[in-house]
Amino acid sequence: MKKYDLLRLGDTIIRVLEAQGDRVLVIDCIKRTMPVWVEITALESYSECTSNELSEVTGVITADIDALDADQRKTMYERYTMIAPVLSFLTDDRMRSRLIGSAAEEYGVSKATVRNHLCLYLSYMDVTALAPKRREDERQLTQDEKNMRWALNKFFYTTKKQSLMTAYTMMLKEKYCDALGELAEEYPSYYQFRYFYRKTRSLQNFYISRDGLKNYQRNNRPLTGEGVQEFAPAVGAGMFDATVCDIYLVNDTGSLVGRPILTACVDAYSGLCCGYSLSWEGGVYSLRGLMLNIIDDKVDWCNRFGISIHREDWDCDMLPASFITDMGSEYTSGTFEQIAELGVKVVNLPSYRPELKGLIEKFFDLIQESFKKHLKGKGVIEPDYQERGAHDYRKDACLTMADFEKIILHCIIYYNSQRIIENFPYTEDMIAAQVKPYASQIWNWGKSQIGANLIEIGKRELMLTLLPRTTGRFSRSGLKVNKLRYHREGYTEQYLSGGDVTVAYNPEDVSSVWVLEDGAYTEFTIIESRYQGKDLTAVQELQTSQRDIARGAVRDNLQAQINLAQHIETIVSSSAGRGDVHMKNIRSTRRREQTKRHRDYMKEGTSRE
């Protein structure tokens, strides 16, 4: 009999841990109780046993360490470290108990837990026995668990947002009641139901099923990306968006107009406001104004409002090479996407991803915070404006659009050149260059770096690119566009041969259109001068009115044709039956008739005076 031998007698398997004279220290490997001293004579009837036999009886199979995953190895070594001091004092009961108590206190577990780990290790003398088992995910659900899962999916994970108790009650009603509605003798308790819910709950499923996918994407989805840093490593990525300002304005006569729309472009790298548009109209119209403002000289622009700035405070007169927009209709329209012809890349962000364009969202917040605190009682809307009985802020309106644009311009200048950006990721080069933490200074430094992507373009080419387009057709009567005719010298062959062509037109003035050929714009002027200077809507109204007048005269025209036919028939019928026509002496007959029908018009005219 040697140390660590396994001995078996019937269903009992023991392991020898220590031998001292006629006593041996053994542990019951089946019951896994604490080691005890027994007389050596008590083991004479035991026979030798193998580790495989022990595994067959207990069902515990020690594994290869390499087959364990990282979590199993971590737990295994933590448990062995817990019992390692005890192994040296197995034969000393008092010291062993003291060390077990110390380990329990040090690791924050019970003494029973330490004893269990110790007995498990001593039974198999293999550290892998301390590794936890892998969780069995393939366990079949019981019928009660299936009923709980059904109830959660049916009543809890829905947009009705029923409580857990309501879902439990509905489960009992549907699954544990007879035809008369009597509750069965055996049914799961609410605590079992709650435990199953907590054990199987998925927070993603919880948020999506109860609040909807859109709300999850906007408010609950994990934000693990770098945001704008993923696609804006340098100057030249402009973020576009628009908002309705929280203020009511009046016109020059004091009549209420409403709330203006602020459209802006913010550089994703530096945070600089590249341009803005303040108007009463949104959509593509406001985008045209924004584009012009981006490429405008900002010093001249501010001078128009009586504001003097230094060029370095707002030195932006070129287009960003990348436009980052959301899925707004004005940004996904064909008219706006024509900007790609200038070399601009348009990036449409997915819906409900505000963190990807956080700079433009924050820009609107900061601008409105800048003016709202100074304009209280001047038409500014407070958070309670939709509550019942709230003050009608429209009555406070006193600023005109011209006044408010000056205020907005001052706020943008402060935002660009005086607002401190505390969390900008400074590089070593920026620190060496002593770049101040202002958006304008970061922009100016970034423009001079490799990777800055800006496009220089003229106003005319930019506006022509943003004009809506249609198909025009050449014909002998000119170039027909929107049911109007246009002409230009040098296109005789096209007028004669016909054919279709792409045409850009200005809905606000039909005086000219521009034929797009090989990337160049050729201007054609309108033929019908009565439409000169009118907008397309007015022209279409005139054409519609003319058609309506013509349709109104159709009945009278038909009646007149009928009357004409009747008169002709009456005259013809009265002349019928005159006999054969004499064909001789036609010339003399014609002279006689000329003399008979001849009239002295001069005499008749002077006699009437």
Side-chain angles (χ1 to χ4, degrees), residues 468-518 521-609:
R469 296 174 184 176
T470 187
T471 299
R473 173 163 295 182
F474 285 111
S475 68
R476 289 182 61 194
S477 57
L479 174 64
K480 291 186 177 180
V481 181
N482 295 327
K483 299 181 180 180
L484 298 172
R485 298 187 301 125
Y486 295 85
H487 74 96
R488 181 182 176 88
E489 296 296 332
Y491 279 78
T492 302
E493 289 297 321
Q494 286 84 342
Y495 296 145
L496 296 177
S497 60
D500 295 339
V501 67
T502 300
V503 178
Y505 66 94
N506 182 9
E508 298 173 5
D509 188 354
V510 300
S511 302
S512 299
V513 294
W514 293 265
V515 172
L516 180 59
E517 296 177 306
D518 300 326
Y521 293 89
T522 305
E523 185 176 3
F524 282 65
T525 56
I526 195 164
I527 295 175
E528 298 160 291
S529 58
R530 66 181 184 277
Y531 296 136
Q532 187 77 29
K534 290 185 170 57
D535 62 65
L536 184 59
T537 302
V539 170
Q540 291 174 341
E541 290 177 353
L542 286 175
Q543 292 174 336
T544 301
S545 300
Q546 183 176 342
R547 286 194 297 270
D548 292 341
I549 293 173
R551 288 195 201 99
V554 168
R555 180 180 178 85
D556 294 339
N557 177 260
L558 291 175
Q559 185 62 54
Q561 292 184 39
I562 293 171
N563 294 339
L564 176 62
Q566 291 175 345
H567 291 317
I568 293 174
E569 290 176 357
T570 300
I571 295 172
V572 171
S573 61
S574 64
S575 302
R578 291 182 177 174
D580 296 334
V581 177
H582 300 288
M583 304 294 292
K584 295 181 179 180
N585 301 321
I586 294 176
R587 291 184 178 179
S588 58
T589 302
R590 184 178 181 87
R591 282 196 295 271
R592 286 197 301 271
E593 290 300 318
Q594 285 179 348
T595 302
K596 187 188 299 184
R597 298 281 299 176
H598 185 77
R599 296 165 57 186
D600 187 351
Y601 291 118
M602 185 63 189
K603 182 177 180 181
E604 291 180 6
T606 54
S607 63
R608 291 176 183 175
E609 292 183 356

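Side-chain contact check for H487 versus L479: every heavy-atom pair is 4.5 Å or farther apart. Looking at heavy atoms from C-beta onward, D600 lies out of side-chain contact with E604 at the 4.5 angstrom threshold. Counting only heavy atoms from C-beta outward, the side chains of T544 and R547 approach each other to under 4.5 Å.
In terms of modelled atom types and a separation under 3.5 Å, the side chain of N482 and the main chain of L484 share no donor-acceptor contact. With R485 contributing its side chain and S477 its backbone, the two residues share a donor-acceptor pair below 3.5 Å. Distance alone, capped at 3.5 Å, is enough to place a donor-acceptor pair between the S511 side chain and the G533 backbone.
Considering every non-hydrogen atom in both S512 and E523, the closest pair reads OG-OE2, 2.7 Å. The two residues T471 and D500 make their nearest non-hydrogen contact at CG2-CB, 3.8 Å. Taking each heavy atom of I526 and Y531 in turn, the nearest pair found is CD1-CB, 3.7 Å. Residue S573 comes nearest to T570 through the heavy atom pair OG-O, 2.7 Å, listed as atom of the first residue, atom of the second, then distance. R488 and Y495 get closest at one heavy-atom pair: N-OH, 2.9 Å.
Below 30°, between 30° and 60°, or above 60°: for Y491 and F524 the angle between ring planes is above 60°, a perpendicular geometry.
Checked for salt-bridge contact, E593 and R590 miss the test: no charged N lies under 4.0 Å from a carboxylate O.
Here the options are T470, T522, V503, the test is side-chain contact (heavy atoms from CB on, under 4.5 Å), and the partner is V513; only V503 passes.
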Q: Please report the C-alpha distance between L542 and K534 in whole Å, then the side-chain angles of each, then the deciding distance to 0.1 Å, and finally whether the side chain to side chain contact (heavy atoms under 4.5 Å, CB included) criterion is met.
A: CA-CA 10 Å; L542 286 175; K534 290 185 170 57; 3.8 Å; yes
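With values rounded to the nearest 0.5 angstrom, T525 atom OG1 is found 7.5 Å from I527 atom CD1. The CZ atom of R551 sits 11.0 Å away from the CD atom of Q546 when rounded to the nearest 0.5 Å. With values rounded to the nearest 0.5 angstrom, K483 atom NZ is found 10.5 Å from L536 atom CG.
A donor-acceptor pair shorter than 3.5 Å cannot be found between the side chains of R591 and S588.
For Q561, the CD atom sits in a packed shell: over 12 heavy atoms of surrounding residues, nucleotides or ligands are nearer than 6.0 Å.
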